[in-house]
A.B. asks: 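I'd like to ask you about the structure that follows.
Only this structure's heavy atoms are used, side chains among them; waters, hydrogens and symmetry mates stay out. In this chain, residues are counted from 1 in sequence order.
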Amino acid sequence: MKLTNLINSALIVTCISFLPGISVAQTVNTNNSARQIDADVNSNTLPTNSPIASYIQPFNTAFLAYQGAFKKQGIPSGSALISEYQIGKLTAKDVVQAAIKTNKLPAKVLNDLGYLNAVESQLTSFSNINDSGN
């Protein structure tokens, strides 16, 4: 067995172990009343400088795309995702837009260059892993 195959297998097992956490990842909660938010802040459940709404991490967004969570939005999964990303047919912005359409992310994330760059970095790392197995 090649070392790269072993590494790829370990990566897949690791990613699969994250799946339960990804499926229950928080999405934006826009239904909180001001009274509930105040109660949360006053009970010290949130740091005072923390944003009230939270959303899935860039790695999880890219990984959900890789696993096929955005197929209905036209985002391919697995090696097809990597291939389309490598040839420039698919961008990190496309993946984020698909996540927005499935209510995994708020629309404001499209304006967050840091988030987009992090998704891009994850897609690039998927590409690098795929290239090392050849």
Side-chain angles (χ1 to χ4, degrees):
M1 180 185 243
K2 286 183 173 180
L3 179 61
T4 55
N5 289 340
L6 181 63
I7 292 171
N8 287 340
S9 297
L11 178 64
I12 289 170
V13 169
T14 302
C15 291
I16 290 171
S17 69
F18 286 121
L19 219 62
I22 292 170
S23 66
V24 296
Q26 283 187 317
T27 56
V28 174
N29 184 357
T30 58
N31 295 325
N32 278 341
S33 66
R35 190 175 75 202
Q36 179 62 42
I37 293 170
D38 287 341
D40 289 344
V41 170
N42 291 334
S43 68
N44 294 325
T45 57
L46 293 172
T48 56
N49 62 350
S50 164
I52 299 301
S54 62
Y55 41 89
I56 61 176
Q57 296 297 313
F59 169 81
N60 295 343
T61 301
F63 188 70
L64 284 169
Y66 186 84
Q67 290 297 311
F70 307 133
K71 279 189 173 185
K72 289 182 181 177
Q73 290 71 37
I75 304 296
S77 62
S79 60
L81 172 85
I82 294 168
S83 177
E84 287 195 14
Y85 174 72
Q86 287 175 330
I87 63 173
K89 190 174 177 183
L90 180 83
T91 66
K93 188 173 185 176
D94 296 329
V95 171
V96 169
Q97 285 174 328
I100 290 168
K101 288 178 185 174
T102 60
N103 296 319
K104 299 284 186 203
L105 293 172
K108 69 180 180 178
V109 175
L110 279 176
N111 299 321
D112 185 343
L113 291 178
Y115 193 93
L116 290 171
N117 287 337
V119 171
E120 178 106 18
S121 176
Q122 290 303 318
L123 292 172
T124 300
S125 71
F126 292 160
S127 298
N128 292 340
I129 291 169
N130 192 45
D131 287 344
S132 70
N134 291 337

A.B. asks: Could you give the distance from CG (Leu116) to OG (Ser121), rounded to the nearest 0.5 Å?
C.D. replies: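 The OG atom of Ser121 is 12.5 Å from CG of Leu116, to the nearest 0.5 Å.
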A.B. asks: Which pair of heavy atoms, one from Gln67 and one from Ser77, lies closest together, and at what distance?
C.D. replies: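 Of all heavy-atom pairs spanning Gln67 and Ser77, the closest is C-CB, 4.1 Å.
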A.B. asks: Between Asn117 and Gly114 (side chain of the first, backbone of the second, donor and acceptor by atom type, cut-off under 3.5 Å), is there such a pair?
C.D. replies: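 Not a single qualifying donor-acceptor pair exists.
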A.B. asks: Could you check whether any side-chain N or O of Ser83 sits under 3.5 Å from a backbone N or O of Ala80, counting only pairs where one atom can act as donor and the other as acceptor?
C.D. replies: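 No: the side chain of Ser83 does not pair with the backbone of Ala80.
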A.B. asks: Is it true that Val119 and Leu113 fall in one hydrophobic cluster, defined by side-chain heavy atoms closer than 4.5 Å?
C.D. replies: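 Hydrophobic grouping puts Val119 with Leu113.
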A.B. asks: Roughly how far, to the nearest 0.5 Å, is CG of Leu90 from CG of Leu123?
C.D. replies: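 It comes to 7.0 Å.
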A.B. asks: Would you name the heavy atoms of Lys104 and Tyr55 that are closest together and state the gap between them?
C.D. replies: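 Result for this residue pair: O-CB, 4.2 Å.
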A.B. asks: I need the single residue from Phe59, Phe126, Tyr85 that forms a ring pair (Phe, Tyr, Trp, His ring centres under 6.0 Å) with Tyr66. Which is it?
C.D. replies: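 Answer after filtering Phe59, Phe126, Tyr85: Phe126.
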A.B. asks: Measure the CG-CD1 distance between Leu81 and Ile75 for me, rounded to the nearest 0.5 Å.
C.D. replies: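 Leu81 atom CG to Ile75 atom CD1 measures 7.5 Å (nearest 0.5 Å).
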A.B. asks: To the nearest 0.5 Å, what is the distance between CD on Glu84 and CG on Asp94?
C.D. replies: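 That separation rounds to 9.5 Å.
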A.B. asks: When rounded to the nearest 0.5 angstrom, what is the spacing between CG in Leu110 and CD1 in Ile100?
C.D. replies: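 Taking CG in Leu110 and CD1 in Ile100, the distance rounds to 3.5 Å.
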A.B. asks: Using every non-hydrogen atom in the two residues, find where Thr102 and Phe70 come nearest and quote the distance to one decimal.
C.D. replies: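 Closest pair (atom of Thr102, atom of Phe70, distance): OG1-CE2, 3.4 Å.
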A.B. asks: What are the two closest non-hydrogen atoms of Val95 and Ala65, and how far apart are they?
C.D. replies: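 Between these two residues, the closest heavy atoms are CG1-CB, 3.8 Å.
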A.B. asks: Mind listing the closest non-hydrogen atom pair of Ile56 and Asn60 along with its distance?
C.D. replies: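 The pair with the smallest heavy-atom distance is CB-CB, 4.3 Å.
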